[in-house]
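Starting from 1, each residue takes its place in the sequence as its number. Treat the numbers as computed from the prediction; the structure is a model and nothing was measured.
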Amino acid sequence: MEVSAEGYLAVNFLFDFFLLCLPARGTWFFRPERLVPAALLGALSALAFETLALPGAAAFAAVVPMCLIAYPLADGRRFLAASARVLLYAFVLAGAMEAARRVGAGQAAQMLAGMGAVWAVDALGRQLRPERDTVQLRVWSGGRWRRFAALVDTGNLLREPLSALPVLIADETALGRQTYRALAAQTGLRTAAFRTVGGDGELSCVRPERMEVRVGERWKSAPDVWIGLYPGRLRGNVHALAPGVLGQKRA
């Protein structure tokens, strides 16, 4: 079956965007200005390799430059982990589509089989997040910053639904009245539902202007997380609950 160059380009752009989005989801804030050109590079590379009749495996050569465009290099460990996942997902996608083709599936069914297999592998890889410790954080808002301690709690599994990024839960005591109110006044707030022994509720989640975490004797940029503004005070002497990602040791 013949496929136009435009159709081939569109299909590969869809696949590449999908493969790049999954590792980014829950790791970084959604950045279409990075993901779109990265996926376009991958699609153009695939079209060029097809035009030159190069082996299908040659398309994997585009993974490194795609990831360099799609993901920030500030945290090398996260960049390498995300890039490795993209490469893994590309093999899974190709293998699942080939298996579907061999059993006589149509092109649409092959695409669905490939994307479904990648989605399943990604879901299986999001299981382990164990860490519990106290971390020092600094949060900026409106030109001010506030330093506070947060308990890294494996029980805090709250995530902002659209981005799948973890949520740091903090009350006014942790953030301070001025910072808390400045964050609450920002536009673009989202909500995340939570459930506790005491009942259910919703938190207003805000994307901080900047957040840093203390690692040894140095302050480093924190992984992308939302701040959930807890109304009132958290119980006991704990005023902020950090997701496990903030407790991971970072070189």
Side-chain angles (χ1 to χ4, degrees), residues 23-30 72 74-79 81-82 125-142 144-184 186 188-198 200-251:
R25 179 171 165 79
T27 304
W28 293 288
F29 289 113
F30 182 62
D75 189 330
R77 184 177 300 176
R78 290 183 180 280
F79 172 83
R126 296 177 178 270
Q127 301 301 318
L128 301 177
R129 279 285 193 288
E131 275 152 288
R132 187 181 182 90
D133 202 351
T134 299
V135 291
Q136 294 290 325
L137 300 169
R138 293 196 301 200
V139 173
W140 275 258
S141 180
R144 303 185 183 91
W145 61 271
R146 171 79 174 187
R147 175 176 175 171
F148 59 95
L151 177 68
V152 181
D153 185 8
T154 55
N156 176 14
L157 303 178
L158 187 63
R159 288 182 177 264
E160 192 280 320
L162 293 179
S163 65
L165 286 170
V167 177
L168 162 72
I169 304 173
D171 62 16
E172 186 176 300
T173 301
L175 294 170
R177 179 174 298 181
Q178 290 183 328
T179 303
Y180 186 96
R181 292 182 177 179
L183 290 170
Q186 287 187 21
L189 266 68
R190 299 183 184 175
T191 59
F194 67 89
R195 176 172 296 177
T196 65
V197 177
D200 302 342
E202 288 187 341
L203 287 179
S204 294
C205 297
V206 62
R207 178 176 173 173
E209 295 175 10
R210 179 181 169 192
M211 181 185 295
E212 293 181 342
V213 59
R214 183 86 169 181
V215 180
E217 298 300 318
R218 301 172 59 189
W219 289 97
K220 294 194 175 185
S221 295
D224 286 351
V225 298
W226 292 82
I227 296 180
L229 303 176
Y230 188 85
R233 294 180 53 153
L234 290 167
R235 295 184 177 181
N237 295 323
V238 176
H239 298 288
L241 296 175
V245 66
L246 290 178
Q248 294 175 0
K249 302 301 181 184
R250 307 168 73 223

Search all heavy atoms of L241 against all heavy atoms of L168 and return the closest pair with its distance.
-> O-CD1, 3.4 Å
To the nearest 0.5 angstrom, please state how far the CD1 atom of I227 sits from the CE atom of M211.
-> 3.5 Å
Between R146 and L137, is there a donor-acceptor pair closer than 3.5 Å when you use the side chain of the first and the backbone of the second?
-> no
Could you tell me the separation between the CG atom of L183 and the CZ atom of R144, rounded to the nearest 0.5 Å?
-> 11.0 Å
Could you give all pairs that pass the ring-ring contact (aromatic ring centres under 6.0 Å, His included) test and reach residues 201-228, with sequence neighbours left out?
-> F29-W226
Set of salt bridge (Lys or Arg N to Asp or Glu O under 4.0 Å) partners for R190, sequence neighbours left out | E160
Between V139 and F148, is a side chain to side chain contact (heavy atoms under 4.5 Å, CB included) present by the stated rule, with each step listed?
-> CA-CA 9 Å; V139 173; F148 59 95; 3.7 Å; yes
Sorted by chain and number, sequence neighbours left out, side-chain contact (heavy atoms from CB on, under 4.5 Å) with A182 holds for S141
Specify the closest pair of heavy atoms between V152 and P243, including all atoms of both residues, with the distance to one decimal.
-> CG1-O, 3.7 Å
Can any side-chain N or O of Y230 pair as donor or acceptor with the backbone N or O of H239 at less than 3.5 Å?
-> no
Residues two or more places apart in sequence or in another chain: which of them pass salt bridge (Lys or Arg N to Asp or Glu O under 4.0 Å) with R210?
-> E212
With side chains defined as the heavy atoms from C-beta onward, is the minimum distance between P161 and T191 less than 4.5 Å?
-> no
Rounded to the nearest 0.5 Å, the CG atom of L234 sits from the CG atom of D171 at a distance of 4.5 Å
side-chain hydrogen bond (donor to acceptor under 3.5 Å, both in side chains) against E209, all qualifying residues, sequence neighbours excluded | none
Evaluate the side-chain proximity of L229 to L175: yes if any heavy-atom separation is below 4.5 Å, no if none is.
-> yes
For A81, enumerate each residue passing the side-chain contact (heavy atoms from CB on, under 4.5 Å) test, keeping only those at least two apart in sequence or located in another chain.
-> none
Q136 atom CD, over 12 foreign heavy atoms within 6.0 Å = yes
In terms of heavy-atom contacts, A149 and A240 come closest through O-CB, 3.8 Å
Euclidean distance, L151 CG relative to L246 CG, rounded to 0.5 Å = 11.5 Å
How many angstroms lie between atom CD of Q186 and atom CZ of R207, to the nearest 0.5 angstrom?
-> 10.5 Å
